[in-house]
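I have placed the structure first, in the form of structure tokens, so that the comments after it can refer back to it.
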Number of protein chains: 2
Amino acid sequence: MVTLAEVARHAGVSASTVSYVLSGKRTISSGTRERVERSIRELGYHPNAGARALASSKSNIIALMMPLRTDMYVPVMMEIAIAVATTARERGYDVLLLTGQEGPEAVRRVVGSGLADAMILMDVELEDQRLPLVRESPRPAVLIGLPADTSELTCVDLDFAATGRLCVAHLAELGHREIAVVGEAAAVYQRHTGFAERTLLGVREAAAELGVRVLHRPCEGSYESVAGTLSRIFDERPATTGIVVQNEAAIGPLLSLLRQLGRAVPEDISVVAVCPDQVATQTSVALTSVAIPAHEMGRRAVELVMAKVEARGAGPAGNGAATAPQATATGACTELLPPQLTVRASTGQAPAPTGAQ
Amino acid sequence: MVTLAEVARHAGVSASTVSYVLSGKRTISSGTRERVERSIRELGYHPNAGARALASSKSNIIALMMPLRTDMYVPVMMEIAIAVATTARERGYDVLLLTGQEGPEAVRRVVGSGLADAMILMDVELEDQRLPLVRESPRPAVLIGLPADTSELTCVDLDFAATGRLCVAHLAELGHREIAVVGEAAAVYQRHTGFAERTLLGVREAAAELGVRVLHRPCEGSYESVAGTLSRIFDERPATTGIVVQNEAAIGPLLSLLRQLGRAVPEDISVVAVCPDQVATQTSVALTSVAIPAHEMGRRAVELVMAKVEARGAGPAGNGAATAPQATATGACTELLPPQLTVRASTGQAPAPTGAQ
DNA sequence: CTCGGGCGTTGAAGCGCTTCGACATCTGTC
DNA sequence: GACAGATGTCGAAGCGCTTCAACGCCCGAG
């Protein structure tokens, strides 16, 4: 492996000069710079990551902690992960992939070993075990998801309450007065991942305000589960004309079943989904949906965590005036991305009431 | 941060002793070992990753290169990634997540910087651009997927040819004589990812042998695309009684459409899918399927790459007798996992011929 | 009692890089 | 023409760890 020293010799300068050319932390005359850069290219030099990390106590790596489960909202997770990796790389960082398998210990290990300069935690639950460790960790962290107590934490998430409100508002505006929510699997509510509850909260809030009746039923992604959920919904509330689906795995079966039941979408029943756009456009009836901005979430998480890393780096050297911005950058904050509803073919004017209410 | 020197002082031993306790590369008296271990625990010591990497030129990290695309077989990719991360961690390695965004350059960068000790490449195409770099790289690598030329390479993949044969054999045994293959999106074939072609090869091989007629049509995952594909299939080969689906996104729409067309599964038409078990069991009719052993693929890839890393490490010190096993461990090899077909509810005896051949 | 040889432990030399302070050299100024 | 201040470059001191050669010690054999 080519070392910096060899590059220096080849270019006829000292090692420190090469280092400064690389980092840009000191001004270098353009002649020297070009000579060094040529040597780097000719020798095919790549700085040694370990040595760099040791000398600078910066690894240029951020850790991304994924859930171990592969049963839920996989495409969203994957898209977030890819967005994180892509954005990080654009800024010169690499991404270390951690799974939940090690449990909260992983946080300690990664932070303690200086393997990563910062962390991004996905799939954060309301009372997440990792949070105490994150709070006392000297390294910055950003959560994707919203825990119960966000004090001292920085979080990014879709504004699911607003998402719920938006879905209901859209249906209400079309004249629907009885709607059903086909929710996530019961396990999701039990695990208190939060987003499902928040959606429901928004739904109920808007419903109360707009005079809409709501029925909520958790639902697994399997065909049978959707069938059961749907028949229970129509049993209990025959006048239901609008459905909000949160469990994206349930979407396919849902549309299929409605067709079998002879309920036309959107003539008899309107459907709004909370799902990635890609899913919404692949179905038999293009779905009116609120997109889950997975890419945006990943990107923002990286940007926030990066800002913190840089603030920390610049911190000790900062003058008085710098304290305020630094505090802002380092300080806790919760960023809820505004939901966006795209009207497609699955929602329409409510059918004329057939007698109910 | 606590350093090894502090642990040494606290335990009343030298730094090297602590290091040997940690690595186990020299015998340490149990008294000393326990004292050191206690100090480590009390001080909450975590070895610094950068320093370690620098001194030992081993980072204990393996790089996992994912495709940038998020449109295809996402759950499979995700499961492989998680299996890789989990298995690696069990063996004391961390996983660095790379995407295709940097292109083949990423291989050079990671290898050159000593960031990772080895690489695992996913979604390898027949003529993958990364292969030349991998071949000349001094670090071990394992591919998940099968390129056209496997010389000097180590690969893991499902035996897709056998998969194709297995599907056809199963249908043939049930008396089907005209079958259709609902393939991957045309883009997949154009990109030459290989697995789709290999499946088809197996299908054709078995079909020729068993006297079965095959019609292959590429197909996107969207409802409309599946509808078009299906109607073309039944137009061209009305006597088709068996379908092999390779594109897992097409499965939901396919079943839904067959129902609409009044073709009962499995009475009128049998369906075999190539997909994860989870997908096969969630559908309206539980699908007879060949599973994609994503977890197994990830695990094996790690095991193979790890064996190489260790062989390399032990290499230079090896004696004459060690050369043979080392060569085996380091040498190229292709490991095709045998497919396994699980019979569920979607396949059955072919209906009595209605006149066609 | 002496001596060879394990065994357990240590000191010291780096690994390849960053970074600080120092040192030339070159401007522009009074 | 001398001097303060940029500007560009360098030497050297680590960063925290691994590892090698060496050393002291105790044991058993002769």
Side-chain angles (χ1 to χ4, degrees), chain A residues 1-37 39-40 43-61 92 109 111-115 117 313-314 316-317, chain B residues 1-37 39-40 43-61 92 109 111-115 117 313-314 316-317:
Chain A
M1 288 287 90
V2 189
T3 70
L4 182 143
E6 296 176 54
V7 173
R9 202 174 320 129
H10 185 273
V13 299
S14 77
S16 38
T17 300
V18 177
S19 177
Y20 286 123
V21 166
L22 250 33
S23 70
K25 293 193 178 170
R26 292 238 171 137
T27 45
I28 298 287
S29 67
S30 64
T32 307
R33 190 194 355 274
E34 272 156 34
R35 209 140 32 85
V36 170
E37 279 165 354
S39 297
I40 289 177
L43 299 178
Y45 168 70
H46 284 273
N48 179 81
R52 231 172 201 195
L54 177 56
S56 66
S57 23
K58 274 209 53 194
S59 64
N60 271 263
I61 290 180
R109 184 175 65 86
V111 164
S113 67
L115 227 187
D117 296 333
Chain B
M1 287 289 90
V2 189
T3 70
L4 182 143
E6 296 176 56
V7 173
R9 202 174 316 130
H10 184 273
V13 298
S14 75
S16 35
T17 302
V18 177
S19 176
Y20 286 124
V21 166
L22 249 34
S23 69
K25 292 192 179 172
R26 292 249 168 131
T27 46
I28 298 286
S29 68
S30 63
T32 308
R33 190 194 355 273
E34 271 155 34
R35 212 142 29 86
V36 170
E37 279 166 355
S39 297
I40 289 177
L43 300 178
Y45 168 71
H46 283 273
N48 179 81
R52 228 170 205 200
L54 177 56
S56 67
S57 25
K58 274 210 51 194
S59 64
N60 271 261
I61 290 181
R109 184 176 65 86
V111 164
S113 67
L115 227 188
D117 296 333

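Every chain is numbered from 1, with letters handed out A, B, ... down the list of sequences.
The stretch residues 29-37 of chain B touches DNA chain C through B:S29, B:T32, each having a heavy atom within less than 4.0 Å of the strand.
OP1 or OP2 of D:dT7 has not a single side-chain nitrogen or oxygen of A:T27 nearer than 4.0 Å.
Atom OG1 of B:T17 sits about 9.5 Å away from atom CG of B:L4, to the nearest 0.5 Å. The CG atom of B:L22 sits 5.5 Å away from the CZ atom of B:R52 when rounded to the nearest 0.5 Å. Taken from OG1 in B:T3 to CZ in B:R9, the straight-line distance is 7.0 Å, to the nearest 0.5 Å. One finds the OG atom of A:S29 at 7.5 Å from the CZ atom of A:R35 (value rounded to the nearest 0.5 Å).
Two residues are said to be in side-chain contact when any heavy atoms from C-beta on lie closer than 4.5 Å; B:L115 and A:I61 meet this criterion. Contact annotation: the side chain of B:H10 never approaches that of B:V7 to less than 4.5 Å [non-hydrogen atoms, C-beta and beyond].
Checked by atom type and distance alone, the side chain of B:S113 never pairs as donor or acceptor with a backbone atom of A:H46 at under 3.5 Å.
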remark   = Once base and sugar-phosphate atoms are separated, protein heavy atoms under 4.0 Å mark nucleotides 11-21 of chain C, 5' to 3', with B, S and - as B--BBBBBBBB
ask   = Step by step, would you call A:M1 with A:N48 a side-chain contact (heavy atoms from CB on, under 4.5 Å)?
value = CA-CA 9 Å; A:M1 288 287 90; A:N48 179 81; over 6 Å; no
